[in-house]
Amino acid sequence: MIKMISRPKGTNDLLPEDIWRWHKLEELIRKECALFNFHEIRTPVFEETKLFQRGIGEGTDIVEKEMYTFLDKAERSLTLRPEGTASVVRAFIENNLQEMGLPVKLYYLGPMFRYEKPQSGRYRQFHQFGVECFGSPEPVLDAEVILLASEIYKKLGIKNVIIKLNSIGCQACRPQYIAKLKDELKKSKDSLCEDCVRRLDVNPLRVLDCKEEKCKAITKSLPPIYDYLCPECKEHFNKLKQILNLFELSYVEEPRLVRGLDYYTKTVFEFTVENLGAQNAIGAGGRYDKLVEEVGGKPTYAVGFAMGIERSLQVGGALWQKEPDVDLYIISIGDQTKEEALRQLRLARQKGLKTELDTLNRSVKAQFKQADKLKAKFCLILGPDELLQGQVKLKNMQSGEELQLPLGDWLGGIIL
RNA sequence: GUGGGCAUAGCUCAGUUGGUUAGAGCGCCAGGUUGUGGCCCUGGAGGCCGUGGGUUCAAAUCCCACUGUUCACCCCA
């Protein structure tokens with residue numbers, strides 16, 4: 001016996017018993033995107049490593065320790081995409097998509113890869129749905145992204161989604177806040193947790209959302225970033241809130257919400273649920289007005305969002321009902337009915353009925369059992385005696401009712 | 001990367017102070033009904049007890065390592 005090879009750590013096989021949930025979710029996403037006039041884009045699952053280094057930021061955890069990077073045969077450094085935005089931005093620039101006419105509204109759906117230690121709701125290959133809008137500085141576009149996401153969560157049946165909202169300013173105002181933050185935090189450096197001391201240098205904003213009580217106590221007294229926003233950022237944030245109110249979306253302002261990726265400017269937001277353990281964010285996004293430039297394009301306003309498929313399915317998919325596998329199961333009794341069974345099988349499928357029959361030469365009883373297991377709504381029964389008279393039986397599996405009908409005219413008995 | 005839990009049939013899990021042939025429920029297959037599902041009854045298949053070492057007369061059981069998995073931290077969707 002050859003040694004069994006199992007799937008790589010942190011990956012999953014999506015089996016038939018679950019995949020229908022994915023199909024349902026994907027269908028729902030595509031419909032909603034069409035309603036909002038977003039267009040699908042598919043980019044490669046791997047890119048030049050530089051793209052992510054530049055796009056996501058050298059200092060981020062993703063780039064520093066979570067990328068699947070490899071050399072191809074020509075010694076090019078390539079990386080399996082750890083997120084979608086950088087690739088879409090690259091494609092936007094490379095294909096001159098601004099020629100579609102601004103704003104350009106795109107969405108993507110597919111696997112992402114991060115070398116992390118797996119845990120609940122976190123895998124090395126996971127899936128994201130995301131949208132990216134290019135070309136408008138207006139908060140109405142931020143609002144549209146948030147609205148699209150909320151609509152999808154609602155239609156997935158996910159209850160109690162909390163929208164957390166913040167603005168982290170722009171290049172004009174954020175540095176001043178960070179400077180202030182550093183100053184204040186340094187004063188009480190000794191009381192901060194180990195991680196926060198490190199954050200002080202790497203990304204001071206993150207100290208704000210530390211879960212340690214002692215750090216919370218310190219940051220509690222610090223001024224919120226809102227006080228430091230420039231007039232433009234302030235106005236943007238206030239307008240966005242007005243529009244969300246108009247859409248009747250309830251959100252929670254989170255002055256401490258910051259995001260891990262370097263590219264965000266102004267708006268940041270996060271969708272969370274409670275019953276998901278530590279990985280409670282099912283989606284997140286924000287505005288990134290500088291990223292297109294940083295990746296090598298013309299200055300272009302942009303705002304986007306990404307949703308974790310696995311996590312969303314974990315919360316939303318549990319209550320969904322599966323569609324039955326087949327409408328009709330054809331049961332044949334005795335060898336002399338097998339040929340006719342095949343003819344009827346073909347006919348039924350041509351008429352659009354999901355149809356199955358026994359291919360293991362099993363007993364009549366076993367055939368019925370199989371029909372039952374597949375939740376067939378009807379069974380077409382071909383018995384030698386009836387067949388001689390040109391008749392078949394049609395059994396309604398739910399009521400148990402059985403009709404005898406002419407061989408050429410049983411389809412009329414099917415009511416789905 | 002750091003720390004804890006777990007690993008026995010396809011699935012969920014029992015397995016006594018270490019003691020002969022390792023069990024149950026569910027699922028799967030067949031029969032009870034020479035042509036009728038769900039309920040019930042009977043039978044059957046299916047295990048190198050995660051892998052490798054060690055302790056012992058004897059290991060699923062004790063010890064170590066590795067791998068996998070799971071939960072949390074870091075971080076993130």
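Letters go in sequence order (proteins before strands), and every chain restarts at 1.
Using a 4.0 Å heavy-atom distance criterion, A371(A) is classed as making no nucleic acid contact. Within 4.0 Å (heavy atoms only), E270(A) reaches no atom of the nucleic acid at all. Across all strands shown, R7(A) has no heavy atoms under 4.0 Å from either base or sugar-phosphate atoms. Across all strands shown, M307(A) has no heavy atoms under 4.0 Å from either base or sugar-phosphate atoms. Contact annotation for K365(A): base contact, defined as any heavy-atom pair under 4.0 Å involving a base atom. Residue K395(A) is classed as a base contact, given a heavy-atom separation below 4.0 Å to a base. The residue E402(A) sits close to a base: some heavy atom pair falls under 4.0 Å. Residue contacts for K9(A): at a heavy-atom cut-off of 4.0 Å it reaches the sugar-phosphate backbone alone, with no base atom in range. Nucleic acid contact class of G400(A) (heavy atoms, under 4.0 Å, all strands): base. G10(A) comes within contact range of the sugar-phosphate backbone alone, with a heavy-atom separation under 4.0 Å but no base atom that close. At a threshold of 4.0 angstrom between heavy atoms, the contacts of G130(A) with the nucleic acid are absent. I331(A) comes within 4.0 angstrom of nothing in the nucleic acid, heavy atoms only.
Judged by the 6.0 Å and 45° rule, K105(A) forms no cation-pi pair with Y107(A). A cation-pi geometry, defined here as NZ or CZ lying under 6.0 Å from the six-membered ring centre and within 45° of its normal, holds between R124(A) and Y115(A).
R122(A) contributes a side-chain N or O that forms a donor-acceptor pair with the base of C75(B) under 3.5 Å. Counting atom types as modelled, Q367(A) pairs no side-chain N or O with a base atom of U36(B) as donor and acceptor under 3.5 Å. One cannot find a donor-acceptor pair under 3.5 Å joining the base of C29(B) and the side-chain atoms of R362(A). Contact of E386(A) with G35(B) (side chain to base): a donor-acceptor pair of N or O atoms is detected under 3.5 Å.
Distances shorter than 4.0 Å separate none of the side-chain N or O atoms of R124(A) from OP1 or OP2 on C76(B). For S120(A), a side-chain nitrogen or oxygen approaches OP1 or OP2 of C71(B) to under 4.0 Å. The phosphate of A72(B) has OP1 or OP2 within less than 4.0 Å of a side-chain N or O from Q119(A).
Checking Y123(A) against T11(A), the closest nucleotide of RNA chain B that is more toward the 5' end is the one next to T11(A). In terms of position along RNA chain B, the nucleotide closest to I333(A) lies nearer the 5' end than the nucleotide closest to the other residue of the pair I333(A) and N280(A).
Checked for salt-bridge contact, E184(A) and K187(A) meet the test: a charged N lies under 4.0 Å from a carboxylate O. Look at R90(A) and E94(A) and you find a salt bridge, because one of the NZ, NE, NH1 or NH2 atoms lies within 4.0 Å of a carboxylate O, short of that distance.
In this structure, the nucleotide among C29(B), U36(B), G37(B) sitting nearest to the side chain of V364(A) is U36(B). Comparing C75(B), U70(B), C76(B) against the side chain of R311(A) picks out C76(B) as the nearest. The side chain of F368(A) sits closest to G37(B) out of G37(B), C75(B), G35(B).
R81(A) contributes no side-chain N or O that, together with a main-chain N or O of E47(A), makes up a donor-acceptor pair within less than 3.5 Å.
Ring-centre distance between F305(A) and F271(A): below the 6.0 Å cut-off.
Rounded to whole Å, the separation between the C1' atoms of C71(B) and C64(B) comes to 24 Å. Nucleotides C62(B) and U8(B) place their P atoms 15 Å apart, quoted to the nearest Å. C63(B) sits 14 Å from U16(B) when the P atoms are compared, rounded to a whole Å.
Atom-to-atom distance recorded for L387(A):CG and E339(A):CD is 10.5 Å, nearest 0.5 angstrom.
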